[in-house]
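Reading through the structure tokens given below for one structure.
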Amino acid sequence: MLGEGILKGLAETAKNFAGSYVSKERLTTVQYPEERIAPIEATRDFPFLVYDGEDWQAGLRCVACQICEKECPPKCIYIEKSKDKKPDYVGKPQIYPARFDIDISVCMSCQICVEVCPFEAIKMDTVFELATEDRFGGLLLDRSKLAKSNEYYHTIHPTEAAEVDARLAEEKAKVEAKARAAAEAAAAKAAAAPAAAAGAPAKTEPPAVKPAGGAE
Amino acid sequence: MTNPATEYAVGQRVGDARLDGRMVVDPDSGTDLLEVAMGPHHPSTHGVFRMDVALDGERITRLKPVFGYLHRNHEKLGEGHTYLASMPYTDRLDYICSLTNNWAYALAVEKLAGQEVPERAEYLRVIVGELTRVQNHALSVGFLIQDMGASGTPLMYAFREREKILDLFEALTGSRMMCNYMRFGGCRVDATSEWLDEVRKVVAGLPQFADEFEQLLCTNEILMARTQGVGVLRPEVAVSAGVTGPALRASGVIYDIRKVDRYSIYDRFKFKVPLGEHGDVYDRFMIRLLELRESIKILEQALKEIPGGPVMDPKAKIRNFRPKAGEAYGRIEAPKGELGFYLISDGGPNPYRYRVRPPSFVNLTILEDMCLGHNVADVVLILGSVDIVLGEVDR
Amino acid sequence: MLEKADQVFVLLLHWLVGYLPAAWQPAAGVLLCVVAIIAVYPTLFALAVLLERKGLGRMQNRYGPNRVGPFGILQPVADGIKSLTKEDIVPFTADAVVHFIAPLVLVVAVFMGFAVLPMGRNMVLVDLDASLLFFFAMGASTELSVFMAGWSSRNKYSLLGAMRAVAQMISYEVPLLLSTVGVVMITGSLSLVDIVDAQNRYTWGLAHWNVFKPWGLAGFVMFVIASMAETNRSPFDLPEGESEIVAGYFTEYSGFKFALFFLGEYVGMFGIAGLGTSLFLGGWSSPLAILNWVPSWIWFFSKVMVWICFFIWVRGTMPRLRQDQLMNFAWKFVLPMTLLNLLVAAEWRFVADLWLRWIAGMVIVVGAYVLMGRVGMRREHFGPRTYRYAE
Amino acid sequence: MSFVFYVLAAMTLAGALAAVLLKNLVHCALSLTVAFAGLALLFLELGAQFVAFVQILVYVGAVAILVVFAILLTRSAETPKAGGVFSRTWLAGLSVAAAVFAVLGWAVLESTPWLPQTTEAPAADVEQIGEALMSRYVLPLEIVALLLTAALIGAVIVAMHEKEGAQ
Amino acid sequence: MIGSASPLAGYLLVAALMFAIGLAGALTRRNAILVLIGIELMLNAANLNLIAFWRYGPHPEALTGMMFAIFSIAVAAAEAAVGLGLVIQIHRHAKTTDVDQMNRMKG
Amino acid sequence: MKTLEEIQAAIEAAVPGAGVEILPNPAPSGQHSLRLKPETAVEVAKFLRDDEELALDYLSNVTGVDWPDKEIAEKVKVTRPVTKTVEGVEQTAEETVEETRKRVEPGFLEVVYHLFSMARRHGPVVLRMRTGNRSDRVELPSLTPVWRSAEFQEREVFDLYGVVFKGHPDLRRILMWDGFKDHPMRRDYVAPDDFEYEPTPHDEVLARAQAHRATQQAAAAPQEGAGQ
């Protein structure tokens, strides 16, 4: 009969109207600034640089190998190598980025830099409240803005960070074992040299970087 | 083939493809023609799309689609980037279904390089691909009804469901829309069992959504009057014009690449292909709803059967990926139709030629034929029922 | 006391006017009434817009506006300030004078209609002999403003919208008028005051509203349909069909002129709702005799608001019709139904037997509705379909 | 002769003048509605309430819209082409009109003393009009009804497309 | 002068003037639609006369003038509908609404 | 489905003098292609579409490929007469010398068609056509009259590569605007110097940005002078 479908539709909207007052399933809106949804662990938006220890400049894992710069699809990473070297987490002297800029107005959050990085130095952040008044400068993040502690990494991506730490520890152990073996061999041979160059940066307390936005 | 009668018969040919199937409209009916440029800033052109329309009263006598406003030379970018770096760009083709775009590209590269994909990765691909199809169909139907003037109610319901699916995508891939999830030889990350449980929960809720949607719309007299007999696309014309996806099946042609190519692991699932009879807007609308239900079935099966194991082929290379010289065309049944990637390799790190065969773009070929003789109001509907995304049309 | 509450506005008016010299009293009374109308309805308009946005939101599983003031009740104020302070843009090629006059004509014509609506016991501005006719005459003038707006904008969408609007309003004016004729026939008066008075009677405590009778019910349904079309409400909102012709005849309006159109449209809705209430829903009378203590004006306004809520509900549900379908619906369905309804009204008037006239009336109305619906759907070739699957 | 009368008369005549003098056809049509509305108000002033409302309903609500529609449907003729808006024989037309007005005006002014001077408004409520229409004037009413039907059908047929299926 | 005279004379003069304006318009304008507008004005002028005579006439209770006016309005509406229909049809045929160019009976 | 060789034979049988040759594809995909001669392409296409057994009714993909002129340096052994003076006596002897020769292999534009059959559900059959060169002999027959789906895609190839399709009903630019001159997908296309300021320009982008800024300043300077 004419009008049947219309009445059915009216019933459906009435159901939803009433339902939106009682059922959380229907009214899924989250009132953003006051309410926030629980952060999803896998979320990614823009990259940041991980550092170990307290001093971000000393602890930066990045060795300025420029692989991410080359692989970045929109070419938003800009790296300048340093002239000198500093020891990395296993104590091997490495060059470090004298300049490391990411233009997040260009970045498309594809995570390819993370995938190609052999040093676990660049990871994806979850901060999304990045509005700025300066269109160019404000969205061009330099080293100091990009550097975030490993603890921060643990708070936003705990599972992934744990895996990374395990991998790094394994690597470090391997290196240390090698060094020790070498040292022992050397000690056995010359019986002189002191053991190990293990100035390893243990997990001291770095400055707590506040997990901004979305973490609550 | 349950219904041989509706199968597109061999020998049924379109003579002069250009003229056949075109409704002849008398341009000189006495009153003056009104030339209107619908778009690029028009509420229902689904992006920056323009139709140069000549109207006799409100009847369409000529319609020329004009696009390219969003053209960013995607293919040129592809030729300038490595194989891997093009993957995130495919997300931005049909920005509603980034995962199926990933899939099509990954499939083409795998064909080019002869790579294998682990079983679990195939299952994950099917799961995310069908979730993508569900949300695309829900959304496109919502937009269609929105174009019909329904103050947004069905669209909002569609968005409500899509939200849940996008949350799943975010939990798996890290991003809601630009997923960049698949890799040549598998998927980027593995799904946890909690994620799969979440998917099961969402999938269990989908049939109820489909029921509500049907209750709200399918028998609505206004909707039926508006859509039935409007924008008829005859099967011969549809085949000749290369229309694919739900629009083709709404015209009664059995052609679903999931069934034809049996790519990935689609031969393991039991699902049916709904067919329309009239090829009008209502059929295209209904076929989407029915396909949505079939996708739910596939999802249920895939979630039940998903095996363990790795998600990446251990032999696959992420960096310095250089396939041997040669070419390949890989295609999948994307929610909007056949999405193909044609790649030519010269042995270098970048593809020598990187071509996207977007379904929306080819489906638009026939737009004028479907619209002629109809009203302005119908044009909007017909365009909505073709379901285009300008990111894909313009590339 | 209750009597006082019922007549509070009338008494207030008398009290205010009483301070003036006798010669000025009639004019001042009218002026005060006009001021009251002009104050009350825009307020109601603001309320209705908020209600619409919130109601639609809830139907669509959203919150709706909830940021300005508690529960968003100050949203209309914010909207008003916004539209007042917005730049008023007149297209370069537009006919500036006509472009300017159009919204004024609409608002004036729409407000004129309220002169004859009885909004409560003794609450009517002028009790004209032919008040129904007056209302329709004013309603007819709104078409002109719509046309002026569409034509003067020099925009093709505006022109299309205006053409659609005018065609639609003319077409639906006929069934709108005819659906009220049944009431006029039974009541024997064109005066809305008389019509409401005639309904203000009770049998077994139940009011004699026209809608409770077969001809009244049919007339009511047709009136609701035609009134939706007349006020350009969904699903008959083709003139502003935003998905097709951007915004129809007021595409090129901005700022306060746009707000005036908006106002005119909603106030027109109130007018039609008030008319329908007076004609079919007993105007200011209460549905049950025991509820007679509730002031009459509360009844009137609550009925009008319920009517508006129904419009909102429908808007939240329906897609829009197409131009030719709209016309077909008007001329091939609503018009014949209203004509048939005249027959039912005549039958009601002249058949004395209580049961017989009920049965005959219902049979004609329902039978005709079912039959015409069937025939209409078959003629337009639409209906539910079944689908086949391939493996 | 009240002040109201002068205002209304001026409005009506200005509308009428504008309707025949303006260049833009749509402006003409809109001025015509002003004239119609002024006339309706004059009717009201004369105490013919019913006729005034009918005047607005029919002329403002229908005829003016019809005119406007016709103008839009013949849109190519909306803007005057070369040759001006007035006919070649405009002088003759104008003189005929002037002559007619002279004769009418002369007749009215000459007969002023014989014209009645009654000032109390006769009552003419809707009920009386209805009764008159249904009794004394029932034949003209039926004829008008027939005429309207015929005109309706005729207008539809005239304006209809020759071809089948078009509106 | 008029003010001192009968009020009827005023109405009659207004009607006469309106009639003359309508006539002038109908006779001088080129556009067929404007010719129709002129005719409408003339009919309206007649209506004003009818109502004025009813109001000031000897037998207002007979309603004769008013009845005439009502019928006249009905007829005028019919006339407008048919006339405009004709104009549209002619425009379709001859692509003009200029009465000066409508000099042939055959399209 | 028939093998490509069988299809070739069938075409030769149906369209005499078709001159179809098979181009092998070394990739694992194994999608070898048929190269059509432009003169007979439409006829062959019609045959492919209408043949009962092939029934390639669905043209999925049309695309262009640009093969620019290649400079090939190859080492060639050349024997040439050498006049030597041996012991005061002039002798003419043949000597084989290896020398590097450069030759330019002329480039061409290629159009690739991917065909499938909806009726028989097989495919793809890949067709290719090549233009004479990349500048003036760029005409190819349009296959739009055979498969409607080629309409927009051939327009795109025309727009981006500059292949002119004879017999195309509506050959206009499709993605670029009408006033655009070049064909951006050609490999020697140089992007115009019109990019906007980027905060992180580096390497070649930086060089281009600086050049761009210099040209802009140069363009702005005389105008300012004229304005005063």
Side-chain angles (χ1 to χ4, degrees), chain B residues 1-3 6-7 34-37 41-44 55 57-58 145-157 160 216-230 249 254 256 259 270 272-278 282-283 286-287 290 294 375-380 384, chain C residues 52-53 55-62 155-161 163-164 167 233-238 240-247 251 312-329 333 373 376-377 379-391:
Chain B
M1 247 116 306
T2 45
N3 284 291
T6 56
E7 197 175 357
L34 189 66
E35 301 225 349
V36 183
H41 297 284
H42 188 277
S44 35
L55 299 177
E58 281 212 21
I145 313 299
Q146 174 79 352
D147 290 346
M148 224 178 280
S151 312
T153 311
L155 184 64
M156 280 299 162
Y157 295 169
R160 190 187 67 207
L216 178 66
L217 297 169
C218 287
T219 53
N220 188 312
E221 279 82 358
I222 298 177
L223 187 137
M224 288 195 287
R226 277 299 299 276
T227 53
Q228 295 191 352
V230 170
R249 293 188 283 276
I254 306 177
D256 188 326
K259 292 275 187 195
K270 276 174 78 94
K272 292 185 240 163
V273 181
L275 289 177
E277 219 174 318
H278 304 80
Y282 187 78
D283 273 0
M286 279 303 288
I287 294 295
L290 297 174
E294 294 300 319
N375 266 343
V376 178
D378 293 331
V379 168
V380 168
Chain C
E52 168 143 34
R53 292 178 64 179
L56 275 184
R58 284 293 175 171
M59 265 179 242
Q60 295 164 2
N61 299 329
R62 302 184 280 116
N155 177 319
K156 285 162 183 171
Y157 292 123
S158 298
L159 193 67
L160 278 176
M163 299 274 268
R164 280 181 175 194
R233 285 292 298 187
S234 175
F236 303 103
D237 56 348
L238 290 90
E240 59 223 61
E242 81 291 331
S243 60
E244 300 145 20
I245 50 173
V246 187
T251 305
I312 294 169
W313 185 15
V314 169
R315 180 175 167 197
T317 310
M318 301 291 169
R320 180 184 303 127
L321 278 165
R322 198 174 59 211
Q323 185 71 15
D324 57 325
Q325 288 162 351
L326 182 92
M327 289 296 162
N328 279 346
F329 190 62
F333 184 80
M377 277 172 83
R379 193 176 45 215
E380 304 293 334
H381 301 292
F382 69 86
R385 288 179 185 169
T386 50
Y387 286 84
R388 292 158 301 107
Y389 291 87
E391 279 301 329

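A note on names: the letters A, B, ... follow the listed sequences, proteins ahead of strands, and every chain is numbered from 1. Because the structure is predicted, anything quoted here is derived from the model rather than measured.
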Contact part of [X] toward chain C, heavy-atom cut-off under 4.5 Å: side chain, backbone, both or neither?
X: B:Leu216; answer: side chain
X: B:Val380; answer: side chain
X: B:Leu217; answer: neither

- prompt: When heavy-atom pairs shorter than 4.5 Å are enumerated against chain B, which of C:Met318, C:Met59, C:Arg322, C:Arg62 gives the highest number?
  reply: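 Going by pairs under 4.5 Å, I would pick C:Arg322.
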Polar side-chain atom of [X] near backbone of [Y] as donor-acceptor pair, under 3.5 Å:
X: B:Asn220; Y: B:Ile222; answer: yes
X: C:Gln325; Y: B:Ala225; answer: yes
X: C:Thr251; Y: C:Tyr157; answer: no

- prompt: Hey, what do you get for CG (C:Leu321) to CG (C:Leu326), rounding to the nearest 0.5 Å?
  reply: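 Result: 6.0 Å between the selected atoms.
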task: Heavy-atom distances under 4.5 Å only: say whether C:Phe329 touches chain B with side chain, backbone, both or neither.
output: neither
query: Which residues pass the salt bridge (charged side-chain N to carboxylate O under 4.0 Å, His left out) test with C:Arg315, sequence neighbours left out?
result: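 In terms of salt bridge (charged side-chain N to carboxylate O under 4.0 Å, His left out), with neighbours along the sequence ignored, C:Arg315 is linked to C:Glu52.
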- prompt: Between B:Ile287 and C:Tyr387, is a side chain to side chain contact (heavy atoms under 4.5 Å, CB included) present by the stated rule, with each step listed?
  reply: CA-CA 8 Å; B:Ile287 294 295; C:Tyr387 286 84; 4.1 Å; yes
message: The criterion is side-chain hydrogen bond (donor to acceptor under 3.5 Å, both in side chains); which residues satisfy it with B:Gln146, sequence neighbours excluded?
response: none
In terms of heavy-atom pairs under 4.5 Å, which option from [options] contacts chain C the most?
options: B:Met148, B:Met156, B:Gln228; result: B:Gln228
options: B:Asp283, B:Thr227, B:Asp378; result: B:Asp283
options: B:Arg249, B:Lys270, B:Glu294; result: B:Glu294
options: B:Arg226, B:Lys272, B:Lys259, B:Met224; result: B:Arg226

